[in-house]
Protein chains: 2
Amino acid sequence: MATIYDVAKLAGVSPATVSRVLNGIAVSEAKAAAVRSAAEELEFVPNRTARGLRTQTSEVIGLIIPDVENPYFTQVARGVEDAAQKAGYSVVLCNSDADPEKERVYLRIAVLQNMAGVIIAAASEDTDIGVVTAAGRPVVAIDRHNAFPVDTVVIDNRDAGYSATIGLIEQGFRRIACVSGPLHIDTARERAQGWRDAMQERLGATPGDLLVESNFQVGGGRAAMLQLLDRPERPDAVLLGNNLLGVGAIQVLSEKGLTPPAIGVAVLGSLPFTTIAPSAVSVMHLPGRKMGGVAADLLIDRLRGNQEPPRAVVLPGRLTPADLAG
Amino acid sequence: MATIYDVAKLAGVSPATVSRVLNGIAVSEAKAAAVRSAAEELEFVPNRTARGLRTQTSEVIGLIIPDVENPYFTQVARGVEDAAQKAGYSVVLCNSDADPEKERVYLRIAVLQNMAGVIIAAASEDTDIGVVTAAGRPVVAIDRHNAFPVDTVVIDNRDAGYSATIGLIEQGFRRIACVSGPLHIDTARERAQGWRDAMQERLGATPGDLLVESNFQVGGGRAAMLQLLDRPERPDAVLLGNNLLGVGAIQVLSEKGLTPPAIGVAVLGSLPFTTIAPSAVSVMHLPGRKMGGVAADLLIDRLRGNQEPPRAVVLPGRLTPADLAG
DNA sequence: ATGAAAGCGCTAACAA
DNA sequence: TTGTTAGCGCTTTCAT
């Protein structure tokens with residue numbers, strides 16, 4: 001492996017001049033040409049590690065998500081990757097399992113590996129991203145807000161919940177239950193609020209008993225659905241707070257032979273690998289991919305030196321057909 | 001961020017001694033303890049970039065897969081990540097979109113970024129991994145074989161196809177169709193062969209007309225299923241060659257109200273987010289996570305200096321309950 | 001067993 | 001514009 005010293009010697013210049021050529025810093029055309037031809041002859045490729053050690057940076061973006069196996073987050077990852085690649089960055093995907101301790105470890109790694117910046121869908125609003133920001137590296141928080149003043153990309157969750165509920169009401173349903181994620185998570189709370197607003201506005205009712213707080217997992221969806229079906233006055237429709245809750249709930253309904261439209265079902269989030277007839281369930285696609293793309297763009301903008309105060313992007317909860325195509 | 005110099009000063013030893021403690025080289029117990037406590041106090045974590053520059057190695061493994069959004073490959077990624085992390089490596093996930101050109105780019109990047117090694121689920125047997133091997137970096141091919149002599153981890157696809165088909169036969173089905181991936185892909189061909197073998201062995205028939213060659217996508221599964229249902233003598237059961245074909249096929253069946261057991265359905269590969277009653281479809285879980293784990297272990301073994309001739313691991317196509325739990 | 005010191009390959013002051 | 005030089009944080013001789 002040739003180094004800049006080899007190139008410098010062959011080209012008859014100093015190593016610094018070679019470095020300048022590599023980095024596009026002004027150098028006389030004659031020397032630049034000599035350097036280029038020497039580099040070519042030696043098949044020189046700059047050593048990223050050395051550069052990283054010196055500059056304390058790299059062209060690697062860390063993406064921390066709670067679950068690579070959740071299709072929503074793989075969509076996000078996809079969006080990040082595409083945008084990053086366009087700008088010459090690569091992406092390291094880290095799986096936090098929604099575990100604050102694992103998150104902490106990955107945030108440290110991001111700094112130690114000299115990653116250029118971090119995009120994180122944090123397990124909690126209180127996730128301490130200070131290690132990264134203190135190192136002067138930009139962070140973009142996605143999916144939920146963070147206590148630190150960093151760029152943020154979230155979805156208009158209230159609107160998503162609201163629109164989906166309105167959809168069910170317009171299909172004629174009245175006793176619409178809402179299976180929500182943990183209400184201490186703002187994402188979950190906002191979506192539930194959208195449901196509540198729609199119910200209040202259209203039906204004049206604030207049906208507290210129809211709200212079931214669950215987790216954001218398949219198992220939670222199953223349990224909540226079973227519980228709802230067991231009630232004396234069972235709901236005629238149900239809104240599921242995320243994709244996994246949707247999967248669990250629909251599984252239960254299938255098992256009971258209770259498929260839509262015998263009961264109304266709306267899901268917040270895509271079901272990319274669902275096996276139910278696509279038309280039977282109202283799916284409110286959330287712009288995961290878009291969120292990833294926007295987050296990457298914001299991060300790269302920071303990496304290029306933008307120093308504005310933190311920006312907050314709120315993506316529409318309802319996708320247009322054009323968004324889906326993209 | 002603390003460096004070994006900070007730790008050394010606090011512990012009252014030299015940086016070299018700190019380094020020795022970090023690398024498990026003999027040091028008096030008293031100093032070792034002092035170093036460990038100083039490191040703890042400073043929350044010291046060694047800088048991988050610096051170590052990489054010095055040792056000419058890195059602790060990053062490249063993982064190239066055709067599709068992050070396919071649950072099968074996210075399982076693989078999960079397996080790789082867990083095993084790699086245990087050994088102190090991190091994983092960079094790259095998405096090739098099954099595009100040979102993107103693959104080529106990522107393989108180059110792997111070399112240029114000084115990645116320690118590469119695990120690849122290649123788009124084709126002919127994917128040229130020479131760039132990486134020529135740089136002296138180990139490669140492990142997963143999911144399918146590669147023309148280069150490298151370690152390989154594949155699934156016993158014939159057996160998976162065979163067992164799933166036997167299962168359908170034992171449920172009483174006779175006209176069992178097989179929707180296969182592209183037959184020029186060995187994975188697809190082997191699975192179809194398993195189906196053929198089972199049919200021949202148990203029913204004495206080699207029903208060429210019941211084999212439908214498709215792609216490995218949801219759309220392919222939909223199209224194939226529609227076509228099969230349209231036939232005058234329609235099959236009474238169907239074997240789907242991978243998870244996405246399964247999703248597409250089951251979607252169509254749901255839409256037609258033709259859910260199992262009205263028609264037999266077996267899928268090769270897991271349907272982690274299926275919304276059908278789990279019992280209604282025979283799912284032949286493929287050991288994706290295991291494959292990833294084994295591949296990572298093989299790669300790390302090479303990174304530690306193993307020079308044996310290429311090893312080929314064939315994982316059972318049928319998972320035991322214990323495997324599933326893990 | 002331990003420390004001093006020399007780099008790994010690169011970039012960025014600082015001089016010239 | 002160009003070269004000299006001093007590190008980035010770590011590992012590894014080479015002395016002691």
Side-chain angles (χ1 to χ4, degrees), chain A residues 1-36 38-39 42-60 108-116 131 135-137 303 305, chain B residues 1-36 38-39 42-60 88 111-116 135-136 303-304:
Chain A
M1 280 295 200
T3 72
I4 55 171
Y5 291 94
D6 302 322
V7 175
K9 198 187 300 174
L10 183 60
V13 301
S14 77
T17 297
V18 177
S19 174
R20 290 187 184 107
V21 173
L22 293 176
N23 294 289
I25 294 169
V27 159
S28 74
E29 189 44 50
K31 302 216 171 194
V35 167
R36 274 190 293 267
L42 297 173
E43 295 187 6
F44 168 78
V45 185
N47 180 319
R48 299 290 239 271
T49 308
R51 159 183 290 182
L53 180 58
R54 177 63 229 233
T55 61
Q56 310 285 22
T57 67
S58 72
E59 275 75 47
V60 176
R108 296 194 76 79
I109 288 181
V111 175
L112 294 170
Q113 297 267 45
N114 277 318
M115 291 185 194
V131 241
R137 312 264 162 73
L303 293 173
Chain B
M1 281 288 156
T3 73
I4 54 170
Y5 290 94
D6 302 320
V7 176
K9 198 186 299 176
L10 184 59
V13 300
S14 77
T17 297
V18 176
S19 174
R20 289 186 184 109
V21 172
L22 294 176
N23 293 289
I25 294 168
V27 159
S28 76
E29 188 43 50
K31 303 216 172 195
V35 167
R36 273 192 292 269
L42 297 173
E43 297 189 3
F44 168 78
V45 186
N47 180 316
R48 292 250 169 95
T49 306
R51 161 182 288 178
L53 180 57
R54 179 62 228 233
T55 63
Q56 309 286 19
T57 65
S58 86
E59 276 76 43
V60 177
V111 176
L112 295 173
Q113 299 268 38
N114 260 312
M115 292 186 194
L303 293 173
R304 294 188 172 145

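Within every chain, numbering begins at 1; the chains are lettered A, B, ... in the order of the sequence lines, protein sequences first and strands thereafter. These values consider heavy atoms only, across backbone and side chains, with no hydrogens, waters or symmetry-generated copies.
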Among B/Val13, B/Val21, B/Leu42, whose side-chain contact (heavy atoms from CB on, under 4.5 Å) with B/Val7 holds? B/Leu42
Can you give me the closest heavy-atom contact between [X] and [Y], atom names plus distance?
{"X": "B/Ala116", "Y": "B/Ser58", "answer": "CB-O, 3.2 Å"}
{"X": "B/Gly88", "Y": "B/Arg48", "answer": "O-NH2, 3.4 Å"}
{"X": "B/Phe44", "Y": "B/Thr3", "answer": "CE1-C, 3.5 Å"}

Select base, sugar-phosphate, or nothing to describe what B/Ser19 touches, counting heavy atoms under 4.0 Å on all strands. base
Could you check how far CG of A/Asn47 sits from C1' of C/dC8, rounded to whole Å? 8 Å
Which residues in residues 2-15 of chain A have at least one heavy atom lying under 4.0 Å from any atom of DNA chain D? A/Val13, A/Ser14
Is it true that the side chains of A/Arg137 and A/Asn114 contain a donor and an acceptor less than 3.5 Å apart? yes
Where along residues 48-57 of chain A does a heavy atom fall under 4.0 Å from DNA chain C? A/Ala50, A/Arg51, A/Arg54, A/Thr55
Note: chain B reaches DNA chain D at heavy-atom distances under 4.0 Å over the stretch, first to last nt, 5' to 3', of D/dG9 to D/dT13
Phosphate contact (C/dA1 OP1 or OP2) by B/Ser28 side-chain N/O below 4.0 Å: no
Salt bridge (Lys or Arg N to Asp or Glu O under 4.0 Å) involving B/Arg51 - partner list, sequence neighbours excluded: none
Set of residues satisfying salt bridge (Lys or Arg N to Asp or Glu O under 4.0 Å) with respect to A/Glu43, sequence neighbours excluded: none
Atom pairs, N/O to N/O, protein against nucleotides 13-16 of chain C, distance under 3.5 Å?
unit_1	atom_1	unit_2	atom_2	d
C/dA13	N6	A/Arg20	NH2	3.4

Distance check, rounded to the nearest 0.5 Å: B/Glu59 atom CD versus B/Thr49 atom OG1? 10.0 Å
